[in-house]
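Below, chain A is the first sequence line, B the second, and so on; all start at residue 1. Both backbone and side-chain heavy atoms feed into the values below; hydrogens, waters and symmetry mates do not.
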Amino acid sequence: MTSEKRDYRDTLFLPKTDFPMRAGLPKKEPEWLAHWNKIGLFERLREQSKGRKQYILHDGPPYANGHIHMGTALNKILKDIVNRSHQMLGYDAHYVPGWDCHGLPIEWKVEEEFRGKGRSKDEVSGPEFRTRCREYASEWLDVQREEFKRLGVVGEWDNPYKTMNFQSEADICGELLKIAKTGQLYRGSKPIMWSPVEQTALAEAEVEYADRKATQIYVKFPVRPMTGTKSLLPVTADGAPNIVDMTMFDGASVVIWTTTPWTIPANRAVSYALNIRCGLYEVTELEESDFSPWSKVGDKLIVADNLWENVAKAGLIKSAKRLRTVSSYFYEDALLDHPLKSMEGAEGKYDYPVPMLCGDHVTADAGTGFVHTAPSHGEDDYVVWISNQKKLEALGIAPVVPMTLDDAGCYTEVMPTRFQGLDVIRTSGKKRGQDGKANPEVLKALVECGNLLARGMLTLRDAHSWRSKAPVIRRATPQWFISMSKGGLRDKAVAEIEKTKFWPDRGRNRIGTMVADRPDWLISRQRNWGVPITLMVGPNGELHTERDDADAINTRILAAVEKVGVDGWFETPLEDFMPDSNDGWSKVTDILDVWFDSGSTHAFCLKRRDDLKDRADLYLEGSDQHRGWFQSSLLESCAVYGEAPYDGVLTHGFVVDEKGLKMSKSLGNTMSPEDISKQYGAEIMRIWTASSDWANDLKIGREIIQTNVDAYRKLRNTLRYMIGALDGYDEADAVDYNDMPALEKWVLHRLAEITTEHEAAVRNHDHKKIFSTLFNFCTVDLSAFYFDIRKDALYCDPLNSTRRRACRTVIDEVFQRLTTWLAPIMCFTMEEVWQARHPSEDGSVHMELFRDAPDGWLNADIAAKMETVRDFRTQASEAIEPLRKDKVIKSSLEASVTAPATEALTSALSALGITRQETYANPADPSDTLADYLIVSECTLSEKAADVSVADLKEAGWTKCERSWKYFKPNAAVGEGEITPRDAAAVKAFESGA
RNA sequence: AGGCCGGUAGCUCAGCUGGUUAGAGCGCGCCCCUGAUAAGGGCGAGGUCGGAAGUUCAAGUCUUCUUCGGCCUACCA
């Protein structure tokens, strides 16, 4: 024997592949996108799944303005994972993305553009303005489309739905007409922020708060005579009955305080709060003053106790006597006179009784403890007025919200002639934005009536238009509402919510309470870029939908909009739609709340398109959409079709930074999808999405991304190893299940197990479970266990040994499943991996279906026994570890393990067929030794052994096989030398070219 | 301010209807391999479950309070 040892490396069957270890995702991903585009993947998927049961995830439309952010990226990736998963589960998951195109933000941007060109809003015609809005939306839509595609999202990008398609706009109009026809639509009014200078409605965001000098006044509301007595609880301290003679309020007044005197003529009520202690005061002495005070000795005033001093000071009252506490016994029944009832020229318009209403908005911070309530001129006033409908009805007071101001902010004919035409704010001239004639005239009238208690000036912060900087007023305007009750909409919606499946389940509760509590749906907006409310109103306020020729009229309207879009309504004269009996009829010029647009997507997308079923399986959006799209869609659909447009609703949380704080530019903790794609690849974002818990807020940050990058590498390498191990594998080499070693059967058992878990998780949208299950399978079961053990057989067994072929048979099965299971998540890399195994010009892993596990793979018995073996394997590793640390042994192959022959272990081994002792030489023998499992060279079980012990085989004089590096005792008698009999057989086969 | 929801190791997640010393993977530390090599393997150290009180024989799991965070209360989408 020479001292030179032969190098057996070339006789080994090492994994062989060109598949790169490093992905280069930022560069590679766009190439795959181009490839899929070239082979028409989406179309091929549709073609392939024709006739299958549809799974429709209906897209919630993003707003076509600005770049996408992490939230929108997350949303689209989640949708994509859901779609791809269901497609591969065997559905036809046809996904049509959509966009929301109308609305205020775009309107603002376009206005700004025109202003930049020196053209004010008035100088631009409606059609020109809207045309530009349309272009603007279109431009951003294109940008976002590319950004979404870059994330790997597959869908019908060439034919998305858009709320601004002419057909969509017509369909949206049609939906509203249907609602009008069923009587669920009504006209009411509501105060909104209005800038008289620009004569336009303003959104909260169009308003800035600045100081304004205001006239503040204290006003007396005389109490109407009351009769009788009231017995109150509790009784007084001395036990005497607490009886109030209500006539003591004769001549008394409730005092209010306001900084907007011009709203007094519109007063309808006085609001109070039960938790504010109030008293009835009788003035006994007045301050000496140059002015003659408006209050008189003997005046009885009702004011909050803690504010009495302020009021007295303002009214120049030196002293007063507190007569008694005033509380609900009074408020409930008291009716007041309007303070202007007796003014000259009142025309009887202030004869109505002014009730007292309980309101949450009343505080004792300032004023008198009582709030003047003009439902036309304040949100709180409006709410308290509308929500007290019952009390008003009982009093015989119609709960109308009078429209007291016109567009220019001048009193209308609702007011007495004396006030008509007076302006609240000057809208032109040098004093533009300053007080107009209304305030002084109201003050004058109040003095005439003797109901002005005090007046003064005050500086307060109030809303101003951010364009003109002029003050903004609150003004009631006619508005359109969809009634929650008239057609039973609320009940219907609540019932549908009960029937809907929610992920997570708490979503049902959230949207349920919102719908149950919500007021009627205000759908009109005084804006330009939107779908018109295509209604015509008759001389008596009747709707054209109530007319006999309504259908013909509607047909004309819808045809016009379908032809040229919304301008078909705005630019067409009424006569064209309503040729007959149109005297006194007028077109409504308002547009629809954009939520009505998106709430109708199910109508103009799902129901309109023949290739989509009418009702979606799933709506999937962020949790903010409980009050948004989920709700608007539900209400719209229930109002028109009497049912929800979806079977299921999934809500995900918001993307927050690694500390759980929301992302904001000011915090500097934002991340953009684009940056992540460029630096790491969209795949990393997809893994992040899949591994996060969408039911809560999703954290992202550097460390989290790095974790996902690491996970990606591990998976990529695992797949790469399989590709290498399968080099040259042909299915003809496959070994029958029954001929496989237990280890292979166990892997197949795991595949069967995961198959079941996986399908359940897909149906439950539990992607993080899928990802963690598969990731752990790769690291724990495959990499650290199965592959580690099988390296020996794979590299060293004779090429055609049963054991080696069985291993490759199983790896092929694992590969098929792993790639398909991961494909919905890692759509780029799984394609790359798939193509490396199955090169094809036009093939794709995304055309594959998830494969069932054949009966018989699932084998709980093998699983349990294998568990025992693995436990033992861990014990052996623990025992070897100290020797490695002490440098006694390096490779575990140098070790010989001796362990107690426990019943559990020996029976597991015999059940699993891990029985062979001798160094394997028969290529047809599929069995393993226990040493193979431990990756040691010898393992013996002994009844005598007390615990697991390890011996050094070098020390014992064993020979290291030059081929497999295992230690063995050559049997010179049969010619064994430097390699084991197994290796000798393998080399012989190799050299003979087998 | 109100409504809804969430807070388990450095990170991502498991922990079913309350019941053994709270789990996994990653990361980290140490070690091995050098025939998956900008790979692979082994061992190990890390939480008392945001905090407090309570119910119970027993609480991460139920109740209350509290703290931190998120979403919603817009003529924003």
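Taking the centre and axis of the six-membered ring of A/Phe777, the NZ or CZ atom of A/Arg750 falls outside the cone set by 45° and 6.0 Å.
When each of B/rA36, B/rG42, B/rC33 is scored by its nearest atom to the side-chain atoms of A/Lys791, the top-ranked nucleotide is B/rA36.
Shown here are the ring-ring contact (aromatic ring centres under 6.0 Å, His included) partners of A/Trp595, two or more places apart in sequence or in another chain: there are none. Qualifying ring-ring contact (aromatic ring centres under 6.0 Å, His included) partners for A/Phe785, counting only residues two or more places apart in sequence or in other chains: A/Trp746. In this structure A/Tyr721 satisfies the ring-ring contact (aromatic ring centres under 6.0 Å, His included) test together with A/Phe787, sequence neighbours excluded. Scored by the ring-ring contact (aromatic ring centres under 6.0 Å, His included) test, A/His69 finds no partners at all (sequence neighbours excluded). When the side-chain contact (heavy atoms from CB on, under 4.5 Å) test is applied to A/Thr689, the partners found at least two apart in sequence or on another chain are A/Leu74, A/Ile77, A/Leu78, A/Ile81. Residues meeting the salt bridge (charged side-chain N to carboxylate O under 4.0 Å, His left out) test with A/Asp624, sequence neighbours left out: none.
Checking A/Glu147 against A/His67 by side-chain atom types alone, a donor-acceptor pair falls below 3.5 Å.
Across the protein-nucleic acid pair, A/Leu698 atom CG and B/rC71 atom P stand 13 Å apart, rounded to whole Å. Taking atom CD of residue A/Glu757 and atom P of nucleotide B/rA14, one finds them 14 Å apart after rounding to whole Å. Counting to the nearest Å, the P atom of B/rG35 and the CG atom of A/Asp10 are 14 Å from each other.
When heavy atoms are screened at a 4.0 angstrom cut-off, A/Arg508 is found touching no nucleic acid atom at all. Within 4.0 Å of A/Glu107, counting heavy atoms only, lies no atom of the nucleic acid at all. Counting non-hydrogen atoms under 4.0 angstrom, A/Arg9 reaches a base of the nucleic acid. A/Trp595 comes within 4.0 angstrom of a nucleotide base, judged by non-hydrogen atoms across all strands. Within 4.0 Å (heavy atoms only), A/Thr11 reaches no atom of the nucleic acid at all. No contact: A/Gly724 has no heavy atom under 4.0 Å from any strand.
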For nucleotides 67-69 of chain B, tabulate all protein N/O to nucleotide N/O atom pairs closer than 3.5 Å, reporting atom names and distance.
| from | atom 1 | to | atom 2 | distance (Å) |
| --- | --- | --- | --- | --- |
| B/rG69 | O2' | A/Gly660 | O | 2.6 |

Give me, pair by pair, the N or O atoms of the protein and of nucleotides 24-29 of chain B that are less than 3.5 Å apart, along with how far apart they are.
| from | atom 1 | to | atom 2 | distance (Å) |
| --- | --- | --- | --- | --- |
| B/rA24 | O2' | A/Asn776 | ND2 | 3.2 |
| B/rG25 | O4' | A/Asn776 | OD1 | 3.1 |

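A donor-acceptor contact under 3.5 Å is not formed by the side chain of A/Thr17 with the base of B/rA36.
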Side-chain donor-acceptor pairs of residues 516-526 of chain A under 3.5 Å, sequence neighbours excluded:
| from | atom 1 | to | atom 2 | distance (Å) |
| --- | --- | --- | --- | --- |
| A/Arg518 | NH1 | A/Gln631 | OE1 | 2.9 |
| A/Asp520 | OD1 | A/Met484 | N | 2.9 |
| A/Asp520 | OD2 | A/Tyr186 | OH | 2.6 |
| A/Trp521 | NE1 | A/Asp593 | OD2 | 3.1 |
| A/Ser524 | OG | A/Gln479 | OE1 | 2.6 |
| A/Ser524 | OG | A/Trp480 | N | 2.7 |
| A/Arg525 | NH1 | A/Asp593 | OD1 | 3.2 |
| A/Arg525 | NH2 | A/Leu522 | O | 2.9 |
| A/Gln526 | OE1 | A/Gln479 | NE2 | 3.2 |
| A/Gln526 | NE2 | A/Gln479 | OE1 | 3.2 |
| A/Gln526 | NE2 | A/Asp590 | OD1 | 3.4 |
| A/Gln526 | NE2 | A/Asp590 | OD2 | 3.1 |

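Evaluation of the side-chain hydrogen bond (donor to acceptor under 3.5 Å, both in side chains) test over residues 11-22 of chain A, restricted to residues two or more places apart or in two chains, returns A/Thr11-A/Arg963. Among pairs with a residue in residues 710-720 of chain A, those fulfilling salt bridge (charged side-chain N to carboxylate O under 4.0 Å, His left out) read A/Arg716-A/Glu832, at least two apart in sequence or across chains.
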Encode nucleotides 1-9 of chain B as B, S and - characters from 5' to 3', where the letter depends on protein heavy atoms closer than 4.0 Å: B to the base, S only to sugar-phosphate, - to neither. --BSSS---
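Residues A/Trp694 and A/Gln875 both approach RNA chain B. Their nearest nucleotides, taken by heavy-atom distance, put A/Trp694 toward the 5′ side.
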